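Below is one structure, written out as structure tokens; comments come after it.
Each ligand, and each atom within it, is numbered from 1 in the order the structure gives. Not measured: the values here are computed from a predicted model.
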Amino acid sequence: MIVRWTGRRCFIGPNNHEAITIRPQALRIIRLPTRHYATTQQDAAAAATTARTRNIGIIAHIDAGKTTTTERMLYYSGFTRRIGDVDDGSTVTDFLPAERARGITIQSAAISFSWPPTSDKQAQQPIPAGTRLSSVPHNINLIDTPGHADFTFEVLRSLRVLDGAVCILDGVAGVEAQTEKVWSQASAYAIPKIIFVNKLDRDGAAFGKTVKEVGSRLNVWPAVCALPWFTEDGQLQGVGDVVSLQALKYAPGGDGKDIEVVSFAELQSRDASLASELKKARIALVELLSEHDDEMVEKYLEADEDHLAILPADITRSLRKCVLQRPQQVAPLFAGASFRNVGVQPLLDAVVDLLPSPDERPDSEISLESNVKCGLQPFLAGKVKIEDLEPNPKGKKQQKKGKATPTVQNVDACALAFKVVADAKRGVLVYVRVYSGTLSRANASLWNTTLQNAERSPRLLKMYANDAVEIDSISAGQIGVIPGLKFARTGDTLISFSGASKTGPPRPINTMQLKPINVPPPVFFVGVEPNSLSEEKHIKESLNLLLREDPSLHVSIDEESGQTHLAGMGELHLEIARDRLVNDLKAKARIGKIEIGYRETVTMASGAIEKIVEFDVASKISKAGCSIQIESRAEESPSNSDDMLLEVELHDNNRLLISSPTLYSDGTPKDEEQAGLPENLPIETVLEAFRVGVSAALSRGPIHRYPIHSVDVQLDFDHAKHIFPTSNPTVLAGAARQAVQAALRSSSALSENIIMEPVMLVTISVDEASMGSVVHDLSSSRGASIISLESADDGSESSSDSSGSERLPIDTAKIYAPIDKFAGGHTDKSAVTASSNTAKQIIARVPLKEMVGYLKHLRSLTAGRGTFTMVVDRFERMNAQRQRVVLSELRGGFEF
Ligand SMILES: Nc1nc2c(ncn2[C@@H]2O[C@H](COP(=O)(O)OP(=O)(O)OP(=O)(O)O)[C@@H](O)[C@H]2O)c(=O)[nH]1
């Protein structure tokens, strides 16, 4: 049977008899009712829409083919009329100029399309029981994630909102270092994953070896669902479908829409070797599923123990079940070559058939009052009682027990801003994922629970890469865009609340936050200097925008020198930020050399330093004060004093402890005779102003101007003595800042060896032959401490997953993998295993300074084959000699 995908989708039923055709898809505008006024019918439509939604991401090592595969997905779904090409910069998803210029994905692009192509109406109908999911249209929200290590935060940010992921592997390189890293990050978020082995058209592609590596390096059982189908001379011509027992032959050189479907019977006469391999693969698949799903055992017995007789629909159902198991132990694996347009439609079917819809995902965790955790759904259902939420504030009168949280039913929607982009045409766009309720245009007021401010969102959009369509609402489980927000940053929680006052919803609803993403500390920085004074304002605004887009960047301003530092997680990260600042946001500034972000610390306590300061603002004198003591950070938590009002973690492992002998934690005076705080200064405002002042002072050390690391700051204030009728947040912050600066000067003068350097945890993948020279270089010339040396394929390390349970390594001998006939002579199974055993992994702790420019060096030591990933492990104090060397070198830095 020959099928042509020409904007009409043809589905092949389990027995290859049925063919259903569906009209070509138009850009779909989903109009959903708001939750409040929804009728039962509308609710049913919303539920059907959620069931037909897949929020997925593509994860992989750099250059594995994520963007190339995405372009095919858009093309086959009818979203684009031609296939974009990474190599000539015409892709839909890499739309930033910097991305197109470099051919890499930097900022994840969120994009929606339908698979299979559809009209609006169909997507809101419930799916009849027993129907193959991929035979009815689904709305796929796809987030293309970057593969470069410098953009780990971008990857985490998008993983946070995904319900499932496609992991793309390069069929020549196999499982690479970055793949392992992203895979384990996705596992930590319990994200179900399927695998696509790409680039099987390339010389040296080794499908079987890659399958084995999935088991050994990703510690998951590969369920081989597709096999590459080669011509006799080794050209990739299609794929064998292990589930449906048929083969798909793609027209050579075509756009991948002309597919010949070859039944198993026919295949036996046309290509007996593929037919026989399909049979082996089917047996292996049924055996594997039977080990993880009891129903598959029943189906096997019902089929008279004939692996081939089990219905494809039953196998698909079992695969789906295994994918959704937590922890995931089985990963369905598909094959193809996106660039040659082979194997992408079966992958799209798998996305719909095997990955979960939003309502199949576990409930989201929220935090309230910054330190109480509970599930979002029980909280919104009013099932969480106040006494469960109160963190038992010190010195505070107890709340009445047993009272249900007030007015949770007024929360119309709760959403996470997972990406902020400054679009040249449309201004600032905030990408959100809605976790409960419906964000609606009609209810345009939003409360940002992270920033504690209100914003208006009169318009909502659905993004199709860089095209936007206006919509009325975004319902739970959906991804959409709010244009025009002034403050919201990536990672903020936004809620829509009926009847919110000017100061937002009542407590604790106003503090409710979806689990934030941990931002790793920045380890490189550059100086940013405006070309002229008149440019200062524009540069400040542009930097603010960059920070809203990417919270893994940090900006700090040295009060004394006026110098601005932009800090980031890697050289490429800062290079891209610089491009964005200078080229896209047109900031006229001189950007300095990239330097390592060292830190300063103190080893001697400062003694208490009291400051009372006066500020003259617009001819009005305002006055405030406090007392500060600084010491090296203690391991243990401070003792539970009655005076303690706040304990808060600041950047760089610093901790702030605020105490007052005169106030309760709710701001009322302990002495009832005494006047309380001025009306304009509620306790939250006072504490926040002190926090802001302390953080600002810690961003520059007194000796070397590096940020301060690992100190405890004890701030004491007596409201009768330190807070005046003229006090305001600015002067309170100023008092705290000046007191911290004085305390730092006093203790730094007494401390020694106060510079700390970033030390990285580095994972290097090399082949056995180069391992000796790489280890020697690391330990003799780079001050590394080697943590472990292991074969990357021996599975000698067990891994843990999101549930925290340790999993045993997988025995690769038990993994089914076909023989790689065309992979450079690996013609038998033992060769596959032997070759895969030669990959070695070195894990070491190395100072960042020694890793600058390391990739080039590693390549020269390993004949170009070595790769590595690194993450910040910790900051360590340098010994006196190393500190001297570093300080003497610090005049320089290094050039881009
Ligand atoms: N031969 C062959 N080349 C491919 C295939 N898929 C992708 N490529 C090429 O591999 C290179 C990288 O592809 P991309 O799609 O940009 O990879 P990516 O994973 O998106 O890369 P980043 O965005 O940088 O992370 C490009 O030159 C593609 O043309 C394939 O199936 N076969």
Side-chain angles (χ1 to χ4, degrees), residues 56-76 80 83-111 142-155 158-159 165-179 181-183 195-207 210 226 228-230 234-239 250 252-256 334-347 465 570 572-573 575-576 822-823 855 867 869:
I56 63 152
I58 299 189
I59 56 173
H61 190 92
I62 191 161
D63 273 359
K66 294 182 297 293
T67 310
T68 307
T69 308
T70 304
E71 288 299 318
R72 271 63 186 175
M73 289 180 166
L74 297 179
Y75 179 66
Y76 299 132
T80 51
I83 299 177
D85 190 336
V86 184
D87 304 315
D88 43 73
S90 59
T91 62
V92 174
T93 48
D94 286 354
F95 59 86
L96 289 179
E99 292 180 314
R100 289 198 165 163
R102 289 182 177 79
I104 57 166
T105 309
I106 295 154
Q107 277 189 317
S108 299
I111 187 166
L142 182 124
I143 296 175
D144 187 22
T145 54
H148 194 282
D150 274 12
F151 303 106
T152 304
F153 177 78
E154 276 277 306
V155 179
S158 44
L159 285 180
V166 175
C167 175
I168 297 190
L169 301 178
D170 178 334
V172 179
V175 175
E176 295 168 273
Q178 183 68 10
T179 322
K181 190 169 154 191
V182 194
W183 182 276
I195 297 169
F196 181 63
V197 182
N198 188 33
K199 300 198 182 183
L200 290 171
D201 61 313
R202 282 185 57 198
D203 283 350
F207 180 73
T210 306
W229 185 10
F230 295 103
Q235 301 298 313
L236 185 73
Q237 58 175 332
V239 289
Y250 288 74
D255 63 0
F334 297 83
S338 307
F339 187 67
R340 304 279 168 213
N341 309 321
V342 173
V344 180
Q345 296 97 331
L347 178 67
L572 185 57
H573 188 208
E575 199 183 321
I576 300 297
F822 301 104
L855 186 59
T867 57
T869 63

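Shown in contact with G65 at under 4.0 Å from a heavy atom are these atoms of ligand 1, numbered in order with element: 7 (C), 13 (O), 14 (P), 15 (O), 17 (O), 18 (P), 19 (O). Proximity to D201 (heavy-atom distance under 4.0 Å) selects the following atoms of ligand 1: 1 (N), 2 (C), 30 (C), 31 (O), 32 (N). Of all the atoms in ligand 1, the ones that sit under 4.0 Å from a non-hydrogen atom of S338 are 31 (O). Within ligand 1, counting atoms from 1 as listed, the ones closer than 4.0 Å to a heavy atom of A337 are 31 (O). Taking every heavy atom of K66 and a limit of under 4.0 angstrom, the matching atoms of ligand 1 come to 15 (O), 17 (O), 18 (P), 19 (O), 20 (O), 22 (P), 25 (O).
At a 4.0 Å heavy-atom cut-off, ligand 1 does not touch I168 at all. Contact annotation: for R202 versus ligand 1, heavy atoms closer than 4.0 Å belong to the side chain alone.
Closest heavy-atom approach to atom 12 (C) of ligand 1 within the set D63, D170, T68, V197: this belongs to D63. Here the shortest heavy-atom distance to atom 10 (O) of ligand 1, taken over R72, K199, H61, belongs to K199.
When all heavy atoms of V166 and F196 are compared, the closest pair comes out as CG1-CB, 4.3 Å. Taking both residues in full, the closest heavy atoms of H61 and K66 are given as O-NZ, 3.5 Å, listed atom of the first, atom of the second, then distance. Taking both residues in full, the closest heavy atoms of Y75 and D255 are given as OH-OD2, 2.7 Å, listed atom of the first, atom of the second, then distance. Here the closest heavy-atom approach between residue Y76 and residue V344 is recorded as CE1-CB, 3.7 Å. Residues A335 and A226 approach most closely at N-CB, 3.7 Å, considering heavy atoms.
Residue T69 has no nitrogen or oxygen atom sitting less than 3.5 Å from a nitrogen or oxygen atom of ligand 1, judged on distance alone.
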Query raised in the report: Taking it one step at a time, do Y250 and L236 satisfy side-chain contact (heavy atoms from CB on, under 4.5 Å)?
Result: CA-CA 9 Å; Y250 288 74; L236 185 73; over 6 Å; no
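In this structure, A64 is part of the shell of residues with a heavy atom less than 4.0 angstrom from ligand 1.
Taking the side-chain hydrogen bond (donor to acceptor under 3.5 Å, both in side chains) definition, one finds that T69 meets it with S338, sequence neighbours left out. Shown here are the salt bridge (Lys or Arg N to Asp or Glu O under 4.0 Å) partners of D170, two or more places apart in sequence or in another chain: K199, R202.
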